[in-house]
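Residue numbers run from 1 in the order of the sequence given.
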Amino acid sequence: MVNELDERKVIILRAIIKNYLETGEPVGSRTISKLSGLNLSSATIRNEMSDLVDMGYIIQPHTSAGRIPSDKGYRFYVDCIMKENSANMTAVTSQMGKRIDKLEMLLKDMVKMIAVDTNYAALISGPSTSTTKIKYLQLSIPADRQILMILVLDGNVIKNEVLNAVEDIDYETAMNVTVMMNNHLSGLSLREISPKIITEIMVQAGTQQGNVKLVLDAVTEMLESGENNRDIFTSGAKNLFKYPELAEVDKASKLITAFEEKDALQEMVSEVTSLTAADGGENNVQVYIGGEGPIKNMEDCSLITANYELGDGMKGIIGVIGPKRMDYEKVVQTLQNLRTQIDGALPDKQSKKTDKKGSKSKKSDEIKETKEGI
């Protein structure tokens with residue numbers, strides 16, 4: 001793409017894009033000729049702009065109007081012109097230094113701050129759970145023949161469900177089952193729970209095999225459901241309507257619908273996750289312009305996504321949606337800064353490892369007392 005443009009055309013195209021990003025107005029040859037460092041006549045600039053129109057990099061919305069970038073022009077800007085800055089951390093990234101124990105709180109705060117910082121719409125997905133590790137499992141007996149199962153995953157993601165017991169179980173037995181199951185499951189992801197481990201659990205379950213199978217099935221269903229129905233948090237949809245090109249009634253209606261359709265956002269997250277996995281995770285930031293985007297009814301927008309990772313296989317997607325003339329450089333920098341800050345917003349990994357090691361040692365001692373059968 002770069003080879004078909006000589007240096008003069010690159011300079012003019014860059015000037016058109018930058019000016020349009022700042023003003024939102026079509027750019028004429030006189031505007032370009034006034035830019036410092038460009039010693040070209042208006043006639044020469046008009047000829048070059050005409051060539052750029054023919055090549056598909058810019059378009060002329062009206063006969064007497066200036067030019068605006070096409071999707072191809074934006075793609076050129078993103079791929080070939082935009083350079084990484086060593087800009088200072090924004091207010092968003094400085095706030096991310098807080099220690100936040102609840103992952104959901106972190107994600108909600110983050111998506112709001114991204115929307116405020118960029119002045120666009122933002123979304124963030126909860127992490128996948130098929131590779132997320134189990135931190136611990138807690139069983140209690142809220143009523144006769146009922147089991148309250150609380151599943152805590154790394155990142156303090158909490159899931160719970162009330163199960164109807166298939167066998168009589170009291171509080172003491174529930175505690176023994178909890179110790180035994182944690183000894184086998186703590187630190188494992190769904191993919192790591194092998195048939196051998198399940199067999200060992202069932203053997204040690206003794207007279208509680210029915211209830212233990214019930215709990216194992218519930219754990220599996222929770223993790224699988226979490227993978228296919230991740231929480232998606234959004235913020236700043238109204239920001240899009242500050243831009244005239246998106247404020248028309250029909251376009252605004254489509255955008256609102258797109259943000260309300262969680263299934264569509266789920267599909268988008270899955271598609272972006274698949275694309276990231278396909279390239280080995282090397283391209284952490286993806287830019288989708290216009291029709292390139294994976295979200296229907298957003299062909300008038302651009303979408304920039306970045307994957308985040310909390311460790312232990314917990315991965316998700318951050319996205320920023322704005323007009324095609326969005327400040328790509330600032331958004332990419334914001335997302336990259338955020339990715340480097342997320343780990344610091346959660347409890348120290350080293351201390352978590354130490355706690356887990358100590359917890360496992362304690363559980364190993366306890367299990368010796370219950371290994372003969374529950």
Side-chain angles (χ1 to χ4, degrees), residues 21 74 78 82 87 89-98 100 102-128 230-243 245-247 251-252 254-273 275-276 284-290 292-310 314-342 345:
L21 291 178
Y74 282 121
V78 170
M82 185 178 58
M89 293 287 188
T90 61
V92 176
T93 57
S94 65
Q95 291 184 52
M96 291 304 299
K98 299 176 182 178
I100 302 176
K102 296 290 185 180
L103 178 60
E104 182 174 311
M105 186 188 302
L106 166 65
L107 298 181
K108 286 181 178 179
D109 288 346
M110 188 187 303
V111 76
K112 290 177 183 177
M113 289 188 288
I114 294 171
V116 170
D117 187 68
T118 62
N119 208 27
Y120 303 128
L123 63 87
I124 188 166
S125 74
S128 61
R230 302 192 201 183
D231 290 329
I232 295 182
F233 306 102
T234 61
S235 183
K238 292 181 180 178
N239 287 342
L240 297 179
F241 309 137
K242 297 177 182 178
Y243 303 93
E245 62 266 41
L246 300 178
K251 292 181 179 179
K254 287 182 179 180
L255 291 176
I256 291 174
T257 300
F259 258 83
E260 290 178 346
E261 291 182 350
K262 294 299 182 181
D263 289 344
L265 295 181
Q266 293 280 2
E267 291 179 9
M268 182 277 291
V269 169
S270 297
E271 183 173 337
V272 172
T273 301
L275 290 173
T276 303
N284 290 317
V285 177
Q286 303 282 349
V287 180
Y288 304 90
I289 297 168
E292 297 176 351
I295 304 180
K296 295 179 181 179
N297 296 327
M298 287 196 177
E299 59 272 10
D300 295 310
C301 299
S302 286
L303 166 68
I304 301 181
T305 66
N307 60 298
Y308 70 84
E309 183 171 359
L310 300 174
M314 297 179 66
K315 300 178 181 180
I317 297 294
I318 311 169
V320 174
I321 300 168
K324 292 179 184 177
R325 62 185 177 95
M326 71 193 303
D327 190 337
Y328 295 90
E329 196 165 2
K330 177 181 178 181
V331 173
V332 169
Q333 187 65 54
T334 296
L335 293 182
Q336 289 176 330
N337 286 345
L338 280 168
R339 289 183 66 253
T340 63
Q341 294 295 310
I342 289 176

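The OH atom of Tyr74 lies 8.5 Å from the CD1 atom of Ile289; values are rounded to the nearest 0.5 Å. The CG atom of Asp300 sits 11.0 Å away from the CG atom of Leu240 when rounded to the nearest 0.5 Å. Rounding to the nearest 0.5 Å gives a distance of 11.0 Å between NZ of Lys108 and OG1 of Thr234. If you take CD on Gln286 and CD on Glu292, they are separated by 10.5 Å, rounding to the nearest 0.5 Å. Considering CG of Leu335 and OG1 of Thr118, their distance stands at 8.5 Å, rounded to 0.5 Å. The line from CD1 of Ile317 to CD1 of Ile124 is 9.5 Å long, rounded to the nearest 0.5 Å.
Between Ala247 and Ala252 the shortest heavy-atom distance is O-CB, 4.3 Å. In this structure, Thr334 and Asp117 approach most closely via the heavy-atom pair OG1-OD2, 3.3 Å. Here the closest heavy-atom approach between residue Cys301 and residue Ile321 is recorded as CB-CG2, 3.9 Å. Annotation for Glu245 and Arg325: closest pair OE2-NE, 2.6 Å, computed over non-hydrogen atoms.
Looking at Leu303 and Met298, their side chains never come closer than 4.5 Å, going by heavy atoms from C-beta outward. You'll find the side chain of Val285 stays beyond 4.5 Å of the side chain of Thr305, heavy atoms only. In this structure, the side chains of Ile304 and Tyr120 stay at 4.5 Å or more apart for every pair of heavy atoms.
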Exercise. Does the side-chain contact (heavy atoms from CB on, under 4.5 Å) test come out yes or no for Tyr308 and Leu107, once each step is laid out?
Worked result: CA-CA 11 Å; Tyr308 70 84; Leu107 298 181; 3.8 Å; yes

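With sequence neighbours excluded, the residues that form a side-chain hydrogen bond (donor to acceptor under 3.5 Å, both in side chains) with Asn239 are Lys242. Remark: Ser235 engages Val111, Lys112, Ala115 in a side chain to side chain contact (heavy atoms under 4.5 Å, CB included) (not counting sequence neighbours). Applying the side chain to side chain contact (heavy atoms under 4.5 Å, CB included) criterion to Lys238, with sequence neighbours excluded, gives no partner residue. Residues passing the side-chain hydrogen bond (donor to acceptor under 3.5 Å, both in side chains) test with Ser302 are Tyr328, sequence neighbours excluded. Applying the side chain to side chain contact (heavy atoms under 4.5 Å, CB included) test to Glu299 and every residue at least two apart in sequence or in another chain returns Lys254. The salt bridge (charged side-chain N to carboxylate O under 4.0 Å, His left out) test applied to Lys324 returns Asp71, not counting sequence neighbours.
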